[in-house]
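See structure below.
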Amino acid sequence: MHLSAIIRHGTRYPTSKSVEKMQRLYNLIVHNASGNAIWVREIKEKFVMRYTEEMDGRLADKGVLDHKHLAVRLSKLFPSLVSREKLRGGKISFVTSSKHRCVNSTLAFKRGLTDLWSVEEEVEHTVNDTLMRFFDECPRFVKEVEEKPGSMAERDKFELGPEMQRVGEKMADRLGLPYNLINADMAQAAFHFCAYEFALNTVNSPWCRLFDEVDAQVMEYLNDLKQYWKRGYGHLINSQSSCILFHDLFSRLDKAAEESKSGGPISEAVSIQVGHADTLLPLLTLLGLFKDEVRLTAANFAAQGGRSFRTSRTLPYAANLVVALYDCDEGGELRVQALLNEEPLTFPGMEAAPLYRVLRQHYLPLLKSCVFEEVCRLPPQRK
């Protein structure tokens, strides 16, 4: 009956901040590395430094394909909703963050559908940062997490801890460089080279030879610590900042349910909303998903090998949370199915496709208390 999809933008280029670190590492290796492995020589002599600061997080051609292909797959998964008739009838809405990578992902998604159905009409979209970049619009989050010294202390401690130090030393040994030249920034730059070469070009590049599997797990944990404390369960306001998107999702489901109950047509068949990993993660956290019993800290890397909170798996480029409302002919009762990255997702403590009434009751305390304006208001200053 209705489909709401909240989607991360497609594959992008590194940000200018990342490129600056990558350029420093590349220069360091070209001019100073004495390692004689074939792949070290390959970096020094054959690798072309194609990343520039002007790229600054822009959507790559691969990212355009991510969204065009996702649109086609969703049309095959939900043919009665994601259809030519619904698109032409104005029953599919598109909302995006103002960031160029999100706008261009939205255009690519629409193009995937119009190409598939040979539709020539222009399909409108709306830019709404209050909804898709709520974290920028939440003063309490900005002050207590984004700008507050110490809010990322666990991540900072891990960056300077023994696991990261060992990654740097092994990397220096492989390159033939003094230990003092490879700090955490350089290790992250190397990991970015490995990751972007794979994401953008599907190449298992020589940069990946700088890490073994344990090193990669350490680098992954460093990023998960950042996400946990900045967007996830680390601070309550992280998830509360997504209250506005949470309410928007349920208001769309409520409206479709009411229209179904009254026997009228469903005014909005599909809602497509394109944002960021920083849009999805606070919402997934608010919904209670991927929550571990023990919090992620700098000191418990070894014990967290089996953790649920693993953003490399839950939030890839074009990550998508899809919530579909069904009428299964059960006496007016409606059911909800959620998918994350096109795989079935079970809400905490619920059956796989619960009755919508039961799901709504489950989240009723949040629906009553999670008011964006209230949770994001800064506490009064003490005199």
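Residue numbers run from 1 in the order of the sequence given.
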For the hydrophobic clusters of this structure (ILVMFWY residues joined by side-chain heavy atoms under 4.5 Å, transitively), does one cluster hold both Ile6 and Leu70? no
Let me check something: do Leu181 and Ile43 share a hydrophobic cluster, defined by ILVMFWY side-chain heavy atoms less than 4.5 Å apart, either directly or through other members? yes
Within a 6.0 Å radius of atom NZ on Lys21, are there more than 12 heavy atoms belonging to other residues, nucleotides or ligands? yes
For Leu334 and Arg357, run side chain to side chain contact (heavy atoms under 4.5 Å, CB included): C-alpha distance rounded to whole Å, both residues' side-chain angles, the deciding distance at 0.1 Å, then the answer. CA-CA 7 Å; Leu334 305 178; Arg357 170 177 53 80; over 6 Å; no
Checking Thr15 against Ser18: is there a side-chain donor and acceptor pair closer than 3.5 Å? yes
Can you get from Tyr26 to Ile182 by hopping between Ile, Leu, Val, Met, Phe, Trp and Tyr side chains that sit under 4.5 Å apart? yes
Salt-bridge test for Arg335 and Glu351: reply yes if a basic N is under 4.0 Å from a carboxylate O, no otherwise. yes
Please check this pair: side chain of Arg84 against backbone of Trp117, looking for a donor-acceptor N/O pair closer than 3.5 Å. yes
Does Met164 form a side chain to side chain contact (heavy atoms under 4.5 Å, CB included) with Val218? I'd like the steps, not just the answer. CA-CA 7 Å; Met164 278 296 293; Val218 171; 3.7 Å; yes
What heavy-atom pair brings Thr346 and Ala352 nearest, and what distance separates the two atoms? OG1-CA, 4.1 Å
Should Phe211 and Phe191 be marked as a ring-ring contact (aromatic ring centres under 6.0 Å, His included) after you check the CA-CA gap, both sets of side-chain angles, and the distance that decides it? CA-CA 8 Å; Phe211 304 95; Phe191 203 64; 5.3 Å; yes
Ring centre gap for Phe135 and Phe141 strictly below 6.0 Å: no
Is any side-chain N of the basic residue among Arg166 and Glu169 closer than 4.0 Å to the acidic one's carboxylate O? yes
Is the centre of the Phe47 ring less than 6.0 Å from the centre of the Trp207 ring? yes
Any side-chain donor-acceptor pair under 3.5 Å between Ser251 and Asp254? no
So if you build clusters from Ile, Leu, Val, Met, Phe, Trp, Tyr with side-chain heavy-atom gaps below 4.5 Å, do Leu296 and Leu160 land together? no
Considering all heavy atoms of both residues, which atom of Met350 and which atom of Val358 are nearest to each other, and what is their separation? CE-CG1, 3.3 Å
Quick one: does Tyr317's side chain get under 4.5 Å of Arg12's, heavy atoms only? yes
Centroid separation under 6.0 Å, is that true for the rings of Tyr13 and Tyr196? no
Within the 6.0 Å centroid threshold, strictly below: Tyr221 and Phe301: yes
By salt bridge (Lys or Arg N to Asp or Glu O under 4.0 Å), Arg313 pairs with (sequence neighbours left out) none
Give a yes or no answer on whether the side chain of Ser242 reaches the backbone of Leu245 with a donor-acceptor pair at less than 3.5 Å. no
Under the ring-ring contact (aromatic ring centres under 6.0 Å, His included) criterion, do Phe309 and Tyr228 qualify, and how do the steps go? CA-CA 8 Å; Phe309 191 93; Tyr228 187 89; 5.1 Å; yes
Val323 versus Leu3: any side-chain heavy-atom pair under 4.5 Å? no
Regarding Arg24 and Glu20, does a basic nitrogen lie under 4.0 Å from an acidic carboxylate oxygen? yes
Spell out, as yes or no, whether a donor-acceptor pair under 3.5 Å connects the side chain of Arg252 to the backbone of Glu268. no
Please walk me through it: do Cys194 and Cys208 pass disulfide bond (SG atoms under 2.5 Å apart)? CA-CA 5 Å; Cys194 172; Cys208 297; 2.0 Å; yes
His276/Lys99 under side-chain hydrogen bond (donor to acceptor under 3.5 Å, both in side chains): CA gap, chis, key distance, verdict: CA-CA 9 Å; His276 308 263; Lys99 290 290 183 181; over 6 Å; no
Is Arg174 paired with Asp212 through a side-chain N to carboxylate O contact shorter than 4.0 Å? yes
Donor-acceptor side-chain pairing of Tyr51 and Glu197 below 3.5 angstrom: yes
Distance-only side-chain donor-acceptor flag, Gln188 / Glu159, under 3.5 Å: yes
Kindly check if the number of other-residue, nucleotide or ligand heavy atoms within 6.0 Å of CG (Asp61) is above 12? no
In terms of side-chain geometry, is the basic nitrogen of Glu374 or Arg377 positioned less than 4.0 Å from the acidic oxygen of its partner? no
Heavy-atom neighbours of Asn180 CG exceed 12 at 6.0 Å: yes
Give the intermediate values and the outcome of side chain to side chain contact (heavy atoms under 4.5 Å, CB included) for residues Leu321 and Leu345. CA-CA 9 Å; Leu321 173 66; Leu345 178 71; 3.8 Å; yes
For Gln361, does the CD atom have more than 12 heavy-atom neighbours from other residues, nucleotides or ligands under 6.0 Å away? no
Step by step, would you call Ile272 with Ile7 a side chain to side chain contact (heavy atoms under 4.5 Å, CB included)? CA-CA 8 Å; Ile272 303 294; Ile7 310 171; 3.9 Å; yes
Checking Asp224 against Arg310 for the salt bridge (charged side-chain N to carboxylate O under 4.0 Å, His left out) test, could you report, in this order, the C-alpha distance in whole Å, the side-chain angles of both residues, the deciding distance, and whether it holds? CA-CA 6 Å; Asp224 277 348; Arg310 202 178 287 268; 5.5 Å; no
Hey, does the side chain of His247 reach the backbone of Cys243 with a donor-acceptor pair shorter than 3.5 angstrom? no
Should the pair Arg307-Glu220 be classified as a salt bridge under the 4.0 Å nitrogen-to-oxygen rule? yes
Over 12 foreign heavy atoms within 6.0 Å of NZ, Lys91: yes
Return yes if some donor-acceptor pair links the side-chain N/O of Lys44 with the main-chain N/O of Ala33 below 3.5 Å, else return no. yes
Can you tell me which residue pairs pass the salt bridge (charged side-chain N to carboxylate O under 4.0 Å, His left out) test with a partner in residues 130-140, sequence neighbours excluded? Arg133-Asp136, Arg140-Glu144
Does one hydrophobic cluster hold both Phe372 and Leu287, with members joined at side-chain heavy-atom distances below 4.5 Å? yes
Is a side-chain N or O of Thr279 found less than 3.5 angstrom from the main chain of Met132, in a donor-acceptor match? yes
Is any side-chain heavy atom of Arg111 closer than 4.5 Å to one of Thr114? yes
Check whether any side-chain N or O of Ser260 sits under 3.5 Å from a backbone N or O of Ala256 as a donor-acceptor pair, and report yes or no. no
Polar side chain donor-acceptor pair, Ser267 to Glu259, under 3.5 angstrom: yes
Does CD in Glu330 sit with more than 12 non-hydrogen atoms of other residues, nucleotides or ligands closer than 6.0 Å? yes
If you count heavy atoms of other groups shown closer than 6.0 angstrom to NZ of Lys170, is the number above 12? yes
Can you confirm whether Tyr179 is buried at OH, in the sense that more than 12 heavy atoms of other residues, nucleotides or ligands lie under 6.0 Å from that atom? yes
Check whether Tyr233 forms a cation-pi arrangement with Arg295 (NZ or CZ under 6.0 Å from the six-membered ring centre, at most 45° off the ring normal). no
Take Lys17 and Asp56, measure what salt bridge (charged side-chain N to carboxylate O under 4.0 Å, His left out) needs, and give me the verdict at the end. CA-CA 8 Å; Lys17 187 176 177 182; Asp56 195 22; over 6 Å; no
Please check if the side chain of Asn104 supplies one atom and the backbone of His100 the other of a donor-acceptor pair under 3.5 Å. yes
